[in-house]
Peer 1: 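Once you've had a glance at the structure underneath, I'll fire off some questions.
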Amino acid sequence: MDTVGFLGLGVMGQPMALNLARSGLPLVVWNRTPARCGPLRTAGAAVAGSPAEVMDRAGTVFLMLADEAAVDTVLGRGTPAFASLVRGHTLVHMGTTSPDYSRDLQADILAAGGAYVEAPVSGSRVPAENGRLVAMVAGDEPAVAAVRPLLDPLCGQTFPCGPVPGALLMKLAVNIFLITTVTGLAEAYHFAEGHGLDAEQFLAVLDAGPMASAVSRMKAPKLLKRDFSVQAAIPDVLKNNQLIARAARSAGVASPLLDVCHALYAETLALGHTDADMAAVLHALEARTAAGGGPGPTD
């Protein structure tokens, strides 16, 4: 069985890599902060000292890195080392970047003699831990076909999305619904609290009705307990929001709900909630209320 590589062991990457290791795949991992590698070593994965070492030992390498700059730095993109690093390898880009960036990255990797699969995932930390993420894959058919079985330990379902950047565009479309749903849930909760309603009863009524969903069942207890430990972090949600907004503008597509959410998550970040879950958007709503709210459309 060929060794697989994994670069980037953050909030999502670490549980994803752990599921690969526990599936029995030979795995070699690297992370900029070495302490994040400890659980992988315990699970039987090899820990590399550099991205180049991962590439030396693995033919297929998953990238779950923070942003476009991190991908370029780790791969040495724009330097003479890039071509020799990626040649003969299949790079599986699982992070969320702009569709245009992914298209350009694919072109550079193919020109250097490598293969490329775009494979962003939908889901937060808990589905990542449970191997129940939803993957969207795009790229040349032979590369996609080779990578899809490797996604089984990570994902409950995998959807082919045609050529690059189809998978990232699909991910951004899904994220509009996620971001606006969580923001709407937080605003509904804030409204109920502001009118003195029993918060537990409000959430029970919500859960009993047609608006209940896996998202509401995951985020509602966080609102009730004010437990903002990270499943999907505020900075990551804001980054996704910005990527979607840019993609919408480039296609001339209106995104009014997303634009409101963009402002609220930026306000949440400005309030200092850098290490909080996206449900902490509640803080921005509370801050607006404390500042006098603002006129509504019927005032």
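One-based numbering along the sequence shown.
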Peer 1: Have a look at Leu27 and tell me which of Leu20, Thr3, Val47 forms a side-chain contact (heavy atoms from CB on, under 4.5 Å) with it.
Peer 2: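 When side-chain contact (heavy atoms from CB on, under 4.5 Å) is applied between Leu27 and each of Leu20, Thr3, Val47, only Leu20 qualifies.
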Peer 1: So, Asp140 side chain and Pro142 main chain: donor-acceptor pair closer than 3.5 Å or not?
Peer 2: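 A pair under 3.5 Å: no.
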Peer 1: Would you call Lys239-Asp236 a salt bridge at under 4.0 Å N-O?
Peer 2: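 Salt bridge absent between Lys239 and Asp236.
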Peer 1: To the nearest 0.5 Å, tell me how far Leu91 CG sits from Ile109 CD1.
Peer 2: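 Here the interatomic distance stands at 4.0 Å.
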Peer 1: Could you please spell out the steps behind the salt bridge (Lys or Arg N to Asp or Glu O under 4.0 Å) verdict for Asp277 and Lys219?
Peer 2: CA-CA 9 Å; Asp277 184 71; Lys219 299 303 183 185; 2.9 Å; yes
Peer 1: Between Ser255 and His262, is the side chain to side chain contact (heavy atoms under 4.5 Å, CB included) condition met? List the steps.
Peer 2: CA-CA 10 Å; Ser255 57; His262 195 157; over 6 Å; no
Peer 1: Has His89 got a side-chain atom pairing as donor or acceptor with Val61's backbone, closer than 3.5 angstrom?
Peer 2: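 No, the answer is negative, given that no donor and acceptor are paired below the 3.5 Å cut-off.
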Peer 1: Does the Lys171 side chain pair with the main chain of Val121, one donor and one acceptor, at a distance under 3.5 Å?
Peer 2: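 Yes; judged by distance alone, with no hydrogens or angles, the pair exists.
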Peer 1: Quick one: closest heavy-atom pair of Ala232 and Val237, and the distance?
Peer 2: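 Heavy atoms of Ala232 and Val237 come nearest at O-CG2, 4.1 Å.
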Peer 1: Using modelled atom types only, decide if a donor and an acceptor are shared between the side chain of Glu118 and the backbone of Val164 within a distance under 3.5 Å.
Peer 2: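 Not a single qualifying donor-acceptor pair exists.
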Peer 1: Would you say that Phe6 contacts Leu18 through its side chain, given a criterion of any heavy-atom pair below 4.5 Å between the two side chains?
Peer 2: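 Side chain of Phe6 against side chain of Leu18, heavy atoms only: no contact under 4.5 Å found.
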Peer 1: How long is the gap from CG on Leu75 to CG on Leu63, to the nearest 0.5 Å?
Peer 2: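 The CG atom of Leu75 sits 5.5 Å away from the CG atom of Leu63.
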Peer 1: Would you find more than 12 non-hydrogen atoms of other residues, nucleotides or ligands less than 6.0 Å from Arg32 atom CZ?
Peer 2: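 No - once you tally the heavy atoms of other residues, nucleotides and ligands closer than 6.0 Å, there are 12 at most.
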Peer 1: Give the ring-plane orientation class for His273 versus His283, where under 30° counts as parallel, over 60° as perpendicular and anything between as tilted.
Peer 2: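 Judged by the thresholds at 30° and 60°, the geometry between His273 and His283 is parallel.
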Peer 1: When you measure from the side chain of Thr180 to the backbone of Ile176, do you find a donor-acceptor pair of N or O atoms at a distance under 3.5 Å?
Peer 2: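 Answer holds: yes.
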Peer 1: Does some side-chain heavy atom of Phe228 sit less than 4.5 Å from a side-chain heavy atom of Leu282?
Peer 2: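 Contact flag for Leu282/Phe228 side chains = yes.
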Peer 1: Between the main-chain N or O of Ala128 and the side-chain N or O of Asn19, is there a donor-acceptor pair closer than 3.5 Å?
Peer 2: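 Here the side-chain-to-backbone pair exists.
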Peer 1: Taking only residues two or more places apart in sequence or in another chain, which ones pass salt bridge (Lys or Arg N to Asp or Glu O under 4.0 Å) with Glu193?
Peer 2: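 With sequence neighbours excluded, Glu193 shows a salt bridge (Lys or Arg N to Asp or Glu O under 4.0 Å) to no residue whatsoever.
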Peer 1: Apply the hydrophobic cluster definition, ILVMFWY joined by side-chain contacts under 4.5 Å directly or through others, and give me every member besides Met170.
Peer 2: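 In the cluster with Met170 are Met136.
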Peer 1: Any donor-acceptor pair under 3.5 Å linking the side-chain atoms of Asp100 with those of Ser98?
Peer 2: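 On atom types as modelled, these side chains do not qualify, holding no pair under 3.5 Å.
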Peer 1: When rounded to the nearest 0.5 angstrom, what is the spacing between CG in Leu178 and CG in Asn241?
Peer 2: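 Nearest 0.5 Å value for the CG-CG distance: 10.5 Å.
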Peer 1: Nearest 0.5 Å, please: how far is CG in Asp67 from OG1 in Thr96?
Peer 2: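 Going from OG1 on Thr96 over to CG on Asp67, the span is 11.0 Å.
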Peer 1: Rounded to the nearest 0.5 Å, what's the gap from CG on Leu168 to CE on Met94? Could you check?
Peer 2: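 Reported to 0.5 Å precision, the distance equals 11.0 Å.
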Peer 1: Do the side-chain N and O atoms of Tyr101 and Asp72 include a donor-acceptor pair separated by under 3.5 angstrom?
Peer 2: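 Yes, Asp72 and Tyr101 have a side-chain donor paired with an acceptor closer than 3.5 Å.
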Peer 1: Would you say the side-chain atoms of Thr33 pair up with the backbone N or O of Ala35, donor to acceptor, closer than 3.5 Å?
Peer 2: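 Absent.
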Peer 1: Can you establish whether the number of heavy atoms outside Glu187 located under 6.0 Å from its atom CD is more than 12?
Peer 2: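 No, the 6.0 Å shell around CD holds no more than 12 heavy atoms from other groups.
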Peer 1: What is the distance from atom CE of Met64 to atom CG of Leu7, rounded to the nearest 0.5 Å?
Peer 2: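 Reported value, rounded in 0.5 Å steps: 12.5 Å.
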Peer 1: Is there a donor-acceptor contact under 3.5 Å from the side chain of Arg36 to the main chain of Asn31?
Peer 2: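 No: the side chain of Arg36 does not pair with the backbone of Asn31.
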Peer 1: For Asp152, is the CG atom crowded, meaning more than 12 foreign heavy atoms sit under 6.0 Å from it?
Peer 2: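 Count over threshold, so yes.
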Peer 1: Just by distance, no angles: are the side chains of Thr289 and His190 close enough, under 3.5 Å, to form a donor-acceptor pair?
Peer 2: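 Judged by distance alone, the side chains do pair up.
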Peer 1: Indicate yes or no for a side-chain donor-acceptor contact from Lys222 to the backbone of Asp227 under 3.5 Å, with no hydrogens or angles considered.
Peer 2: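 Yes: the side chain of Lys222 pairs with the backbone of Asp227.
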Peer 1: Please name the residue in the list Thr60, Val4, Leu150 that meets the side-chain contact (heavy atoms from CB on, under 4.5 Å) test with Val92.
Peer 2: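 So the option named by the test is Thr60.
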